[in-house]
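Here is the naming used below: chain letters follow the sequence lines, and residue numbers restart at 1 for every chain.
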2 protein chains.
Amino acid sequence: MTNREKIKQEALKLFAEFGYHQTSVRMIAKNVGIRESAIYNHFPSKKDLFLELVHDGKKRVQAASYINEEMLELLNNPELFFTQFIDKVIEVWTKLEERMFTKMMIQAKFNSSVEFDLTLNDLFAGISNILEIVFEELRNYGYIKDYDNELLSEQFLAPLVVLKFRFLINNFFDKEQVLNYARKHASFFWEQIKL
Amino acid sequence: MTNREKIKQEALKLFAEFGYHQTSVRMIAKNVGIRESAIYNHFPSKKDLFLELVHDGKKRVQAASYINEEMLELLNNPELFFTQFIDKVIEVWTKLEERMFTKMMIQAKFNSSVEFDLTLNDLFAGISNILEIVFEELRNYGYIKDYDNELLSEQFLAPLVVLKFRFLINNFFDKEQVLNYARKHASFFWEQIKL
DNA sequence: GTCTATAAGGAGATAGAC
DNA sequence: GTCTATCTCCTTATAGAC
């Protein structure tokens, strides 16, 4: 791993834990094992380093896949589909890099310090889009009651978003516990909307 | 208004907007119209000032009432009850002081900088407790399906929490729009759980 | 590419006059 | 209680040797 990559890795870790402003270039350098000034050989400024992390994370978030071919074929068994979908979402969300990125993003969003081109909605857009397609299909099959796709998507997602925020803040989570919680909510949701 | 009160007012405003660390004692003093050193006549340190704001906010949150006698009598008309309950919650949540305090809290919680004695759950404990009582009553009356009170409470609350986070981040909201969104979700929720 | 040294400025906090 | 002046430390960033 090059020093440039190490810098990005440590920066993400520290930005996520302490926030952008509370993380100094000195801290990043120390964690990498180089001097502060060496960082400026790779990035013109602290802000540019941050923006590159945002850019990387944005691409990763947009590329994240919460669904595959096999799962789409499970749509005729919605309960099973949702179980697998939830597992996939939690699997992606609990990856260390994803957690650090989201935490860094949310902190930056809350205090209007650094401007950057990624909204909170962008973080959940991938899942929302899939959900709306899924509900459309389920409705066509006559499996669910007739509600607005967007409303259904928000209702399904909200408890998961709250769950995610909670474990990001606590900086600790038991993956099994998170999974159980998410499955319970998905199961409740399905019970409500099924025909 | 005394200078001490002014200091607290401006500090809350700035901590909410920029976060604890990104707000300097100098900024607070400037907004009040005094010199930095004068602040130390009222508070031994920046941290103490912050902790006093947390203490005040905590008391306010714990004292917040989302329900009254008349509303409890509406429990035999749950749909109307939930409409009024939602209106009350949004009314409390959209108050300037409440918004600033919550935003300050969440920022402080996300970057584990200052330690203080208030969890994110505390912020929503008041509403959760009422909801669990409400669901207990509604079940006794035979109005709703038999689900765990805690699960129902979380499902009801989650979309509202997400809504709150969203408008805190955007720092702007149209109260009518927020109300419509909240009512729509409450109405959906009621449709699902009613017998 | 990394180092040492340093600049320039902002931070929290204090001393002492009024 | 507020002021001016100041201390000490930490910040981002740069210059120039190796």
Side-chain angles (χ1 to χ4, degrees), chain A residues 1-56 100 103-105 107-116, chain B residues 1-56 100 103-105 107-116:
Chain A
M1 187 183 267
T2 66
N3 267 357
R4 192 174 199 283
E5 288 166 327
K6 277 189 208 158
I7 291 167
K8 286 171 73 173
Q9 194 186 52
E10 294 301 324
L12 177 61
K13 204 182 287 179
L14 291 165
F15 286 155
E17 187 169 355
F18 303 110
Y20 175 79
H21 291 289
Q22 199 53 16
T23 299
S24 68
V25 179
R26 215 160 290 182
M27 285 163 75
I28 300 168
K30 193 178 178 183
N31 277 28
V32 173
I34 55 175
R35 296 300 161 132
E36 191 185 352
S37 54
I39 302 241
Y40 290 94
N41 219 282
H42 300 282
F43 302 94
S45 74
K46 182 186 174 186
K47 190 171 174 179
D48 283 289
L49 168 54
F50 173 79
L51 289 177
E52 187 159 324
L53 292 176
V54 172
H55 181 78
D56 291 358
M100 292 192 302
K103 201 171 172 191
M104 180 182 83
M105 285 290 312
Q107 287 189 61
K109 276 289 158 197
F110 260 101
N111 83 49
S112 46
S113 48
V114 191
E115 291 288 320
F116 56 93
Chain B
M1 189 183 269
T2 65
N3 268 358
R4 192 173 199 285
E5 288 166 328
K6 277 190 209 159
I7 291 166
K8 286 171 73 172
Q9 194 185 52
E10 295 301 324
L12 177 60
K13 205 182 286 178
L14 290 166
F15 286 154
E17 187 169 354
F18 302 110
Y20 175 79
H21 292 288
Q22 199 52 17
T23 299
S24 67
V25 179
R26 223 157 283 187
M27 284 164 74
I28 300 168
K30 194 177 177 184
N31 277 29
V32 173
I34 55 175
R35 298 298 162 133
E36 190 187 354
S37 54
I39 301 237
Y40 290 94
N41 219 282
H42 300 282
F43 302 93
S45 73
K46 182 186 173 186
K47 190 171 174 178
D48 283 288
L49 168 54
F50 173 79
L51 289 177
E52 186 159 327
L53 292 177
V54 172
H55 181 77
D56 290 358
M100 293 192 301
K103 201 171 172 190
M104 181 182 83
M105 285 290 312
Q107 287 189 60
K109 276 290 156 197
F110 261 100
N111 85 48
S112 45
S113 48
V114 191
E115 292 287 320
F116 57 93

Quick one: is the NZ or CZ of B:K103 closer than 6.0 Å to the six-membered ring centre of B:F15, and within 45° of its axis? no
Protein-nucleotide distance (B:Q22, atom CD; C:dG10, atom C1'), rounded to Å: 11 Å
Could I get the full list of salt bridge (Lys or Arg N to Asp or Glu O under 4.0 Å) partners for A:E36, not counting sequence neighbours? A:R26
Using whole Å, report how far CG of B:N41 lies from C1' of C:dT14. 12 Å
Have a look at A:T2 and say if it touches a base, only the backbone sugar-phosphate, or nothing, with a 4.0 Å heavy-atom cut-off. nothing
Whole-Å distance separating the CG atom of B:L14 from the P atom of C:dA11: 12 Å
Over how many whole Å does the gap from B:R35 atom CZ to C:dA13 atom C1' extend? 17 Å
Does a distance-only test, which skips hydrogens and angles, find a donor-acceptor pair under 3.5 Å between the side chain of B:R26 and the base of C:dG12? yes
Other residues, nucleotides, ligands: >12 heavy atoms within 6.0 Å of A:R4 CZ: yes
Mind checking A:S37 for me? I need base, sugar-phosphate or nothing, with any heavy atom below 4.0 Å counting as a touch. base
Outer limits of DNA chain D sitting under 4.0 Å from a non-hydrogen atom of chain B, read 5' to 3', are D:dG1 to D:dT4
Without decimals, in angstroms, what is the distance between A:K46 NZ and C:dG10 C1'? 13 Å
To check you understand the geometry: which heavy-atom pair defines the closest contact between A:A11 and A:L53, and what is its length? CB-CD1, 3.9 Å
Cation-pi check, A:K46 onto A:Y20 ring (under 6.0 Å, within 45° of axis): yes
Using atom CG of B:L49 as one end and atom P of C:dA13 as the other, report the distance to the nearest whole Å. 10 Å
Within 45° cone and under 6.0 Å: B:K13 NZ/CZ vs B:F18 ring: no
